[in-house]
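These notes are about the structure you will find just below.
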Number of protein chains: 2
Amino acid sequence: MKRTKQSAKEGAEPARRADAQRNMETLLKAALAVFGKSGVDAPVRDIAEKAGVGVGTVYRHFPQRSDLIVAVFRQEVDACADAAAELAAKYPPVEALSRWMQRFAEFVATKRGLATALHSGDPAYEPLPAYYDSKLRPALDSLLKKAVAAGDIRTGVAPGDLLSAVVSLCRPAHDVASDHTARMIALLIDGLRFGAGGKR
Amino acid sequence: MKRTKQSAKEGAEPARRADAQRNMETLLKAALAVFGKSGVDAPVRDIAEKAGVGVGTVYRHFPQRSDLIVAVFRQEVDACADAAAELAAKYPPVEALSRWMQRFAEFVATKRGLATALHSGDPAYEPLPAYYDSKLRPALDSLLKKAVAAGDIRTGVAPGDLLSAVVSLCRPAHDVASDHTARMIALLIDGLRFGAGGKR
DNA sequence: TGCCAAACGGAACATCGCTCCGTATAAACG
DNA sequence: CGTTTATACGGAGCGATGTTCCGTTTGGCA
């Protein structure tokens, strides 16, 4: 036997081939687009076609349909969480907070179909809410802390409460004017500012 | 043309044949049983087999799968609503109320899988919550009124609130002892009695 | 009893999720 | 560079499921 492979560490990365990595990313993009257009129940074949690969390739990367859904969801959660740092670097504290919450509202609104999948009872989706919380709560928390430190908003607001507030604000958005949610969130931010300089 | 049919009014009933009527009822019973055993995702073929008919017969009565689910749901809601009058006739006010709420709790518990179907976004299920409310709220309301008139429970309890209270009590019942819900409801009834003779 | 529209049964069709395996190729080796 | 080999790819095919179609059966009426 020869086995000159695995030059360095072997733990995490199983040394994927370049084309495999490319297809993986292409698939995630295609899935995001197709889920957005046809819902999470869209056929795997549609996603494969959109990505320009065979179904076999889809199942090589995501053994089950739900794995693909989970991957897309996590990717979107990550993007939303990362946006917090970017916004914080680019805007003053309160505006960063405001823009991020609008961003989060969009995320929730576009993932409505996915949310019903989450509650379908399929154990594949069980760990998702925890992931969602572990990424977004710290993200929002850092924005809140900055705004508080700047003296722009009141103290004592729990990030978890704000997240669920936005989620419930998004609930009735399916038949009213589309900017209803945005206005409600703006109102929320104003509410936060109200007690700004106030002690306790 | 001959057309000697439709002797009397023709509005609602299209004059079904006897065997059709029988199969309809058999199908509803079979569907209830199969849904209870295998969940609402059970194959149509299973239901047809259980009912001893062909799939064509199922689709003659219920053009879509969801129509069958809706029919079963409505039947169960009706049965639960009708139970209110029966219990009211057989037991004193508070006991009738108590027994009905236990009955309602069972209904909610066994329809868990169906509830997730309701929230799936399929427009076929859209009118169901309204039906549910229109039948069960008056049923509970009549029981409440009788108990209030008898001076057994306090006034000012909205039936809608009680219904949703029971629903949320049933929520965490999936992993705790099965009589937990029953005890909580008994507690609710006791709470109602507490202010019994109380004015306003 | 004879007729016929209504109802039935189940084969057949269209899709889906998922598997399998022959083929293509990235990349390590000489 | 060519060779080689493990990796990845493509898509036909399988089993399951919702739904349709149509030849056959049957309830109910004259």
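Proteins get letters first, then strands, A, B, ... in listed order; numbering begins at 1 in each.
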Please state whether the base of [N] and the side chain of [X] form at least one donor-acceptor pair under 3.5 Å?
{"X": "A:Arg60", "N": "D:dT7", "value": "no"}
{"X": "B:Arg17", "N": "C:dA6", "value": "yes"}
{"X": "B:Arg16", "N": "D:dG28", "value": "no"}

Requested in this report: Salt-bridge test for B:Asp78 and B:Arg74: reply yes if a basic N is under 4.0 Å from a carboxylate O, no otherwise.
Outcome: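 No, this pair does not count.
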Annotated structure of DNA chain C as dot-bracket, pair cut-off 3.5 Å, Watson-Crick or G-U only, | for inter-strand, is ||||||||||||||||||||||||||||||
Aromatic plane relationship, B:Tyr132 with B:Phe73 - under 30° parallel, 30 to 60° tilted, over 60° perpendicular:
parallel
By nearest-heavy-atom nucleotide on DNA chain D, the more 5' of A:Thr57 and A:Arg45 is A:Thr57
List in numerical order all residues of residues 46-55 of chain A for which some heavy atom is under 4.0 Å away from an atom belonging to DNA chain D.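 Only A:Gly52, A:Val53, A:Gly54, A:Val55 qualify.
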*Between B:Val70 and B:Tyr131, is any pair of side-chain heavy atoms under 4.5 Å apart?*
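B:Val70 vs B:Tyr131: side chains apart.
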Next item on the list: Classify the side-chain pair A:Gln21/A:Glu25 by whether it contains a donor and acceptor separated by less than 3.5 Å.
Entry: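 Looking only at side-chain atoms, A:Glu25 and A:Gln21 do form a donor-acceptor pair, the distance falling under 3.5 Å.
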Closest to the side chain of A:Tyr59, out of C:dT19, D:dT19, C:dA7, is C:dT19
With the side chain defined as heavy atoms from C-beta on, B:Asn23 is closest, among D:dT17, C:dA7, D:dT19, to C:dA7
Answer yes or no: does a side-chain N or O of B:His61 lie under 4.0 Å from OP1 or OP2 of C:dA7?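 Answer is no, no contact under 4.0 Å.
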Quiz item: DNA chain C: A:Gly56 or A:Asp41, which has the more 5' nearest nucleotide?
Solution: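 The residue closer to the strand's 5' end, by nearest nucleotide, is A:Asp41.
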